[in-house]
Amino acid sequence: MPLHVLFGEAVDIARFHKTYWKAEVKDGKVVRRGLEMAASKKKNGDALTAKTGEEILSLQRAGVEAGTRYLLVVDPKKASPFERGQIVLDEITATLEWLFDDGVEDENDARLAKLGQAHAGDPATADALALALDDYAALAAPHREAMDGLGGFDAAMLDEARELAAALRARPAENAGLSEKAREALVLRNKVIGLLLSRMSTVRAAARFVFRDRPDIVREVTSAYGRRRRAEAKRRAKKVDAPPPGAPPPGAPPPPVSPT
């Protein structure tokens with residue numbers, strides 16, 4: 001999930017927690033349950049409490065700050081192709097996600113999802129990053145004009161992505177990694193994001209349990225991004241499983257063989 005989507009959803013979940021923490025009581029009867037009914041008395045870090053929403057907002061802010069700190073550590077003038085490549089790839093990916101997020105599932109969404117799956121397990125190597133830069137730059141190329149200036153994106157990054165990919169392939173593998181400062185900043189950012197995701201998951205799990213008879217409320221706390229991706233995955237699966245035009249339906253007897 002792109003970071004800008006994650007941070008946006010974190011704010012939404014914190015707001016949901018505040019709205020639905022207390023049960024709604026009318027004439028002495030509970031007319032709508034509250035998240036407090038699933039609160040744990042345990043002291044572990046993932047326990048649902050009245051302060052979980054505030055913790056989510058705090059971690060969201062810390063995640064944004066840690067992400068910015070990571071970007072600032074990577075000096076564009078001194079950055080290795082690997083460090084700069086990570087930033088350029090993140091920028092292209094985030095801008096494509098925003099551009100294609102128009103509420104309509106089309107070929108653009110399918111292509112972006114396919115690339116995301118193809119590179120999801122990429123190792124942190126120069127060759128893997130080079131391939132990702134080439135792939136995302138190729139996907140973005142037809143949308144260059146629409147992307148330029150969107151959210152501050154500079155379309156020149158699409159050209160830079162190609163140049164960085166070539167530089168990464170030409171650079172010795174042992175010199176292609178992150179600097180120590182950049183690596184430390186990235187580790188910190190990822191740790192904060194991990195904590196944030198854990199708190200968000202706690203609220204979502206509690207909501208599914210407490211409001212199991214109110215799917216309309218549960219939907220408020222689920223990830224719209226995740227729903228779109230699951231819908232797209234199902235659509236692609238159906239397309240793959242569908243028989244080709246003219247093929248007999250499943251279970252149909254084979255056509256008779258003409259005598260020779």
Side-chain angles (χ1 to χ4, degrees), residues 1-12 60 63-64 66-68 70-72 74 76 79 81-169 178 182 186 189-190 193 196-197 200 222-237 239-240:
M1 179 183 292
L3 288 184
H4 70 279
V5 176
L6 172 64
F7 292 147
E9 290 192 354
V11 175
D12 294 337
Q60 187 260 8
V64 172
T68 301
Y70 164 63
L71 294 177
L72 293 176
V74 181
F82 193 93
E83 293 171 331
R84 181 61 183 169
Q86 292 279 11
I87 294 174
V88 171
L89 181 61
D90 286 346
E91 285 290 305
I92 294 174
T93 305
T95 306
L96 283 174
E97 287 281 356
W98 184 259
L99 179 66
F100 293 165
D101 188 15
D102 54 5
V104 178
E105 291 291 338
D106 53 21
E107 287 303 314
N108 288 329
D109 295 284
R111 293 190 186 102
L112 186 58
K114 188 175 181 179
L115 274 190
Q117 292 173 350
H119 292 286
D122 281 357
T125 63
D127 287 338
L129 179 57
L131 181 58
L133 284 166
D134 276 337
D135 286 347
Y136 278 95
L139 177 61
H143 309 282
R144 184 187 186 103
E145 185 175 348
M147 293 173 67
D148 193 27
L150 184 63
F153 180 78
D154 184 355
M157 280 190 174
L158 301 183
D159 302 320
E160 187 182 0
R162 303 281 194 186
E163 296 169 1
L164 286 166
L168 284 164
R169 292 189 176 99
L178 291 170
L186 185 60
R189 186 200 72 173
N190 291 345
I193 289 173
L196 175 61
L197 283 169
M200 292 168 65
T222 56
S223 170
Y225 175 90
R227 289 198 302 271
R228 289 195 298 272
R229 288 291 167 261
R230 288 191 293 272
E232 175 61 24
K234 289 180 180 178
R235 188 184 68 80
R236 289 198 304 272
K239 183 177 291 187
V240 171

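Residues take their numbers from the sequence shown, with the count starting at 1.
- Expressed to the nearest 0.5 Å, how far CG of D90 lies from NE2 of H4 amounts to 11.5 Å.
- Considering CG of L115 and OH of Y136, their distance stands at 5.0 Å, rounded to 0.5 Å.
- Under the 3.5 Å distance criterion, the side-chain polar atoms of D109 are matched with a main-chain donor or acceptor of D106.
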> side-chain contact (heavy atoms from CB on, under 4.5 Å) between D148 and E145: does it pass, once the steps are laid out?
Replying inline: CA-CA 5 Å; D148 193 27; E145 185 175 348; 5.9 Å; no

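- A distance of 5.0 Å separates CG in L197 from CG in L6, rounded to the nearest 0.5 Å.
- The minimum heavy-atom distance between L196 and A10, with the atom names listed, is CD1-CB, 3.9 Å.
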Considering only distance and modelled atom types, tabulate donor-acceptor pairs under 3.5 Å from the side chains of residues 153-164, sequence neighbours left out.
unit_1 : atom_1 : unit_2 : atom_2 : d
D154   : OD1    : A156   : N      : 3.0
D159   : OD1    : R144   : NH1    : 3.2
D159   : OD2    : R144   : NH2    : 2.7
E160   : OE1    : R84    : NH2    : 3.3
E160   : OE2    : R84    : NE     : 2.8

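- The side chain to side chain contact (heavy atoms under 4.5 Å, CB included) check on P123 picks up T125, A128, with sequence neighbours excluded.
- Nearest approach of A132 to D122, heavy atoms of both residues: CB-OD2, 4.3 Å.
- Shortest non-hydrogen contact noted between R189 and G63 is CG-O, 4.3 Å.
- The CG atom of L112 sits 6.0 Å away from the CZ atom of F100 when rounded to the nearest 0.5 Å.
- With a 4.5 Å cut-off on side-chain heavy atoms, I92 and L139 do not count as touching.
- Here L131 pairs with H119, D135, R169 under the side chain to side chain contact (heavy atoms under 4.5 Å, CB included) rule; sequence neighbours left out.
- For the atom pair L129 CG and D134 CG, the distance stands at 10.0 Å (nearest 0.5 Å).
- Residues L99 and N108 are not in side-chain contact: their nearest non-hydrogen atoms beyond the backbone lie 4.5 Å or more apart.
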